[in-house]
Amino acid sequence: MTTVESNPAFRDLYAFFRGQIVPLSEARVNVMTHALHYGTGVFEGIRGNWNEEQGVINIFRLREHYDRLLRGCRLLMLDIPYTADDLCEITVDLVERNRHQQDIYIRPLAYKSAEMVANLKLQDLASDFTLITVPFGNYLGSDTLRCCTSSWRRVDDPMIPARLKICGIYVNSILAKTEATLAGYDEAIILNHDGHVCEGSGENLFLVSDGKLHTSSLEDNVLPGITRETVIQLAQSELGLDVVERTIDRSELYLADEIFLTGTAAHLTPVIELDHRPIADGKSGPISTQLQKMYFDIVVGRNPKYQHWCTAASPRLVTV
Ligand code: PMP
């Protein structure tokens, strides 16, 4: 079993827990914790990208991630005593204290911390916020993806809103990703309840057709991805492409000129095969390749025009 103590990558790390920075090994919750039983939390996945020349970690679109987390807190009645500005500050502080000099993943979690089960409601239950940062590499394990259409369907807004990163909802993504990876694929493409294209287990989906970029509209139960929004802006302003947000049929995927997935963890990764059918010629397409390169330069802080999307954290020696 992997534990914080047994994994050398985690051994010297700190976490933000119950209002202070503590060694990661001491950031523990009780088995009675509400969120552990019912998934009553919201989280974020944020990347910090190590820039060797600058000697800093560039945290990508930090503020936007916390705006989304706080929207989730409103929905789940998670009353945490921090503003988005406070959360950004806590994050930079923790990243610096952890003295990472490599790419990292930043995981904030707001959750129902009440140690009380058999209590199926949100009100009158204590909430808390915790934060960890860990080294992180290539998430999908491959530069180009072979995907399958999942037999699982995406949760629908009247069931649990997919537009927020609610902990419990991720069982839906995990069922799909488990099915796909056990069958030898890299990722699952999940359809809506009504059979339209939704997204990957942890990524938004784009397709190129007729020289335009198409992506599922937010009303189709996709997460409003921060990478999705970034790529839409870049495609329009840097490549002059039309971007259409609309309902997409499954069959359109097989006929697309290009498909790619976007996400904080996944960056922008081309899909070259779906359900054993190659997408176009089965190679990364030109628009995916251009956007991928542009996105990557921006997230590591190599494009001054978009530097405002990066928050720099400098590793330093701090004793706690
Ligand atoms: N969809 C789902 C279900 C996700 O979990 C993620 C990852 N947060 C995304 C899309 C991509 O969102 P973002 O670009 O904000 O990471």
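The first residue in the sequence is number 1, and the count goes up from there. The model shown is predicted, which means the values in this text are computed figures rather than measured ones. Order of appearance sets the numbers: ligands from 1, and atoms from 1 within every ligand.
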What atoms of ligand 1 come within less than 4.0 Å of a heavy atom belonging to [X]?
{"X": "Ser201", "answer": "3 (C)"}
{"X": "Gly225", "answer": "12 (O), 13 (P), 14 (O), 15 (O)"}
{"X": "Gly263", "answer": "11 (C), 14 (O), 16 (O)"}

Judged by non-hydrogen atoms, does Arg154 sit under 4.0 Å from ligand 1? yes

Hey, does Glu44 sit under 4.0 Å from ligand 1 if you only count heavy atoms? no

Between Ile226 and ligand 1, is there a nitrogen or oxygen pair with a distance under 3.5 Å?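 Yes; at least one N/O pair falls below 3.5 Å.
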
Atom 14 (O) of ligand 1: which of Asn221, Thr227, Asn172 has the nearest heavy atom? Thr227

Less than 4.0 Å between a side-chain N and a carboxylate O, is that true for [Y] and [X]?
{"X": "Glu187", "Y": "Lys177", "result": "yes"}
{"X": "Asp194", "Y": "Arg153", "result": "no"}
{"X": "Arg228", "Y": "Glu245", "result": "yes"}
{"X": "Asp93", "Y": "Arg97", "result": "yes"}
{"X": "Arg28", "Y": "Glu5", "result": "yes"}

Atom CD of Glu89 with >12 non-hydrogen neighbours under 6.0 angstrom: no

Starting from [atom], locate the nearest protein heavy atom and write down its residue, its atom name and how far away it is, to 0.1 Å.
{"atom": "atom 16 (O) of ligand 1", "value": "Thr264 OG1, 2.6 Å"}
{"atom": "atom 9 (C) of ligand 1", "value": "Gly202 O, 3.4 Å"}
{"atom": "atom 1 (N) of ligand 1", "value": "Glu199 OE1, 2.8 Å"}
{"atom": "atom 8 (N) of ligand 1", "value": "Lys165 NZ, 2.8 Å"}
{"atom": "atom 5 (O) of ligand 1", "value": "Tyr170 OH, 2.5 Å"}

Step through it carefully: locate the ring centre of His267, locate the ring centre of Phe260, and say whether they are under 6.0 Å apart.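 No, ring centres 6.0 Å or more apart.
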
Would you please classify the geometry between the Phe16 ring and the Tyr82 ring as parallel, tilted or perpendicular, with 30° and 60° separating the classes? perpendicular

